[in-house]
Amino acid sequence: MNENEPLQIYGAVEEIVYRNNLNGYTVMRMLSSGANVTAVGMIAEVNIGDELKLYGEWKKHPSYGKQFSFDAYEQYLPSTAESILKYLSTGAIKGVGKATARRIVEAFGEQTFEVMQNDPARLAQIKGISREKAESISIEMKKTFGMREVMVWLERFHISAQESVKIWKSLGADTVSLVENNPYILCGSGIGVAFERADHIAAVLKKEPDDIFRIRAGIMHVISYNAGNGHTCLPKEKLVEVTAGFLKLDIQQVADELDKLIIEGSLVADTLNDRAFVFLPKLYRSEKFAAERLSMILRFPCERIVGVEQALDLFEKEHGINYAERQREAIFEALSGGLLILTGGPGTGKTTTLNGIISLFTQCGLKVALAAPTGRAAQRMSEVTSREAKTLHRLLEVEWDTNDSPNFKRNERNLLDCDALIIDELSMVDAPLFECVMRALPLGCRLIMVGDSDQLPSVGPGNVLGDLIASGKIPVVQLTEIFRQSMKSLIVTNAHKIVRGEMPEINRTDSDFFFMVCPERERIASTIADLCARRLPASYGYSPFENIQVLCPGRKGELGVTELNKRLQDVLNPSKNKAEEISAPLYTFRSGDKVMQTRNNYDILWTKDDGTEGSGIFNGDIGTIEAIEKATKSAFVRFDDKLAAYDEDAVMQLELAYATTVHKSQGNEFDAVIMPMSYGPPQLYYRNLLYTAVTRAKKTLILVGNISTLKIMVDNNKKTLRYSGLRTFLERE
């Protein structure tokens, strides 16, 4: 036999050595032609006893020896009594253990599956199996075999095992006929197959390009995609035009189907400033409810606190503070009106003002809750107020469903237990989360919202802070005066210059804001690496793992997050021991690496240094890999005083964090920030992004690159345009 020729083997599965349920990659031992064979490849579902025909080739693994690597397969149910017994003994069918499996197989032999699935009365004749249990086993058989058939059918479209299970749970026994009729059903909520993949399946199934299911799915794809870019709605004519171009179809065909989607309630239409807009229903409800709830607060304000001015005068005297006029205005509004947006740039006294509001609330006997959108922002809020601050998700007591969507215990039926709620970093709060906050807010509770309107808007859909301010309905106090101690910081004064559209001062070398001119991209990258590894640690004692953060406008390119992370890793944490490395699709992780969690995961277990145990690591949390277990592809990651245990699946939610995007840095502050300045796409090089990056630095900011790029960013005041309805809904109310 020529081992290099593509060939096939047939056999029964004896042992499953390893399986990744996310992508179906499996290592198994089979009995084929009387010999034990190790086979490796992707397979939708497999159990001991399954009979497989595998197509592939023989390969020699450097550690594990000869293996059959397959890229296609045919799967059969076990056919012999022996293989059926092996299959059932694994617990593949709920309610059938090893002893029961043996009794069933001894009674029915090779007819076992037929009897179990279609003749529960005969099954009930087996000792220990009641009529009810026989019916239950029959139902489980039909479910299991039906799912197997669906998974095998879907595998031809390269649908993974995990996706197949999700599709089966959503569509049930009619999955195949439903998908054959409408492949775009796979794009629906609860399944979430990308439109492009459903389009490929439709092409394989010979569906026409103007199929109405395709047009409808295309419309939903375009509006959902734009929600991912921050829009809660789109102008109707723009939605039609973009979708028609995307699908390469006539505009009228798309317009007709859009009207039908609106009539049936799959989408919502409303007129904003004499222009027709279309919303996803959930986002429409979010903005409408928030507007209605805020309007109710304005109509029925909380109980007024008397003697505010005298209390404020006494507070200043006791604490040796002399508040500026705007700061006094903010504190007075918070205590007397109870609804306030406090905004302002760095060095304008937001923290001092906020601490005054909190202290006076407490003196008045109010129960105060503090919250912020992210873990880092909440931690920083705790540090500057010396009071506990929670993430909004934790405050609302989140629980995550199987689709990783949040459900909050705190809502209109279980209100928050507080008399005043203060939310920091409101610019990061999206419309759905703001709706959930408003649902849980008790009637009469004071609401103080703090944020910098010049920073980037939320990652999720909506423009909450911007819309609230622009509506003119919510009391706003903007702090503009830079205090004397902050005037010494070039970071602070330059940040305000950038907001005003003025070029920052870059020629001084005696302050905390520096510009290093480097014309070429390669030199920019090498300079940044040298600053992190040598110059800043030597000059300031900064650690590249704890104090220094590189911030990039985007992820792609030589000066994007991905490439800079790889370069910085090689300089700061070079490969020493392959046994302490884990390969992931984008990066190779090493013991000692600085990493960031890329999504909320409430299942990751951690232990604090004092022995306290808990779970949950959040999107944007930055830590360091302390140890790697290569055999299990798992790791232990240190986040401040917590050591978190990451299994193989959780490791895939990490990315290197020597460099990160400006968007990801929101809510964080770093002792030293370094940012490359080499021009790229205009949508990433604009004033608000530069301002946000500058204001992340506490002690040192270094821009490296071309002065012309800095000028382009300062001049580009095209704030990220977001279509949203909150402002209009507030104005209507």
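For the numbers below, each heavy atom of this structure counts, side chains included, while hydrogens, waters and symmetry mates do not.
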Quiz prompt | Between T353 and Q327: side-chain donor-acceptor atoms closer than 3.5 Å | solution = yes
Quiz item: Are more than 12 heavy atoms from other residues, nucleotides or ligands located less than 6.0 Å from atom CD of Q363?
Solution: yes
Exercise. Would you tell me whether Y542 and T700 have side-chain atoms, one donor and one acceptor, within less than 3.5 Å of each other?
Key: yes
Quiz prompt | Main-chain N/O of F729 paired with E292 side-chain donor or acceptor, under 3.5 Å | solution = no
Exercise. Would you check if there is a donor-acceptor pair between the side chains of Y723 and N463 at a distance under 3.5 Å?
Key: no
Quiz item: Do NZ/NE/NH1/NH2 and the carboxylate oxygens of K409 and E399 come within less than 4.0 Å?
Solution: yes
Quiz item: Quick one: does R326's side chain have a donor or acceptor within less than 3.5 Å of a partner on Q478's backbone?
Solution: yes
Quiz item: So does E655 pair up with K664, basic N to acidic O under 4.0 Å?
Solution: no
Quiz item: Near K238 NZ, under 6.0 Å, is it more than 12 heavy atoms from other residues, nucleotides or ligands?
Solution: no
Practice problem: Decide whether T598 and Q653 meet the rule of one side-chain donor and one side-chain acceptor closer than 3.5 Å. | Solution: no
Quiz item: Taking NZ, NE, NH1 and NH2 as the nitrogens, is one of them in R376 or E425 under 4.0 Å from a carboxylate oxygen of the other?
Solution: no
Quiz item: Do H393 and F408 have their ring centres less than 6.0 Å from each other?
Solution: yes
Self-check item: Any donor-acceptor N/O pair, S665 side chain to N668 backbone, under 3.5 Å
Solution: no
Quiz item: Counting N and O atoms only, with roles assigned by atom type, does the side chain of K350 sit under 3.5 Å from a partner on the main chain of G344, one being a donor and the other an acceptor?
Solution: yes
Quiz item: Under a 4.0 Å N-O cut-off, is there an ion pair linking R638 with D609?
Solution: yes
Quiz item: Rounded to the nearest 0.5 Å, what separation is found between the CG atom of L456 and the OG1 atom of T661?
Solution: 9.0 Å
Quiz item: Is any side-chain N of the basic residue among K608 and D640 closer than 4.0 Å to the acidic one's carboxylate O?
Solution: no
Practice problem: Inspect the contact between K367 and D417 and indicate whether a charged nitrogen and a carboxylate oxygen are less than 4.0 angstrom apart. | Solution: yes
Practice problem: State whether a side-chain donor-acceptor pair under 3.5 Å links N716 with Y685. | Solution: no
Practice problem: Indicate yes or no: at least one non-hydrogen side-chain atom of I448 is less than 4.5 angstrom from one of I423. | Solution: no
Self-check item: E669 bridged to R380 by N-O distance under 4.0 Å
Solution: yes
Quiz item: Would you call R508 and D510 a salt bridge, using N to O less than 4.0 angstrom?
Solution: yes
Quiz item: Less than 4.0 Å between a side-chain N and a carboxylate O, is that true for K711 and D715?
Solution: yes
Practice problem: Inspect the surroundings of CD in E325 and state if more than 12 heavy atoms from other residues, nucleotides or ligands are less than 6.0 Å away. | Solution: no
Quiz item: Would you call D430 and R722 a salt bridge, taking side-chain N to carboxylate O under 4.0 Å as the test?
Solution: no
Quiz item: If we ignore angles and hydrogens, is there a donor and acceptor under 3.5 Å between the side chains of Q549 and K594?
Solution: yes
Quiz item: Is L234 close to F277 at the side-chain level, that is, under 4.5 Å between some pair of heavy atoms?
Solution: no
Quiz item: Are the charged groups of D671 and K698 less than 4.0 angstrom apart, N to O?
Solution: yes
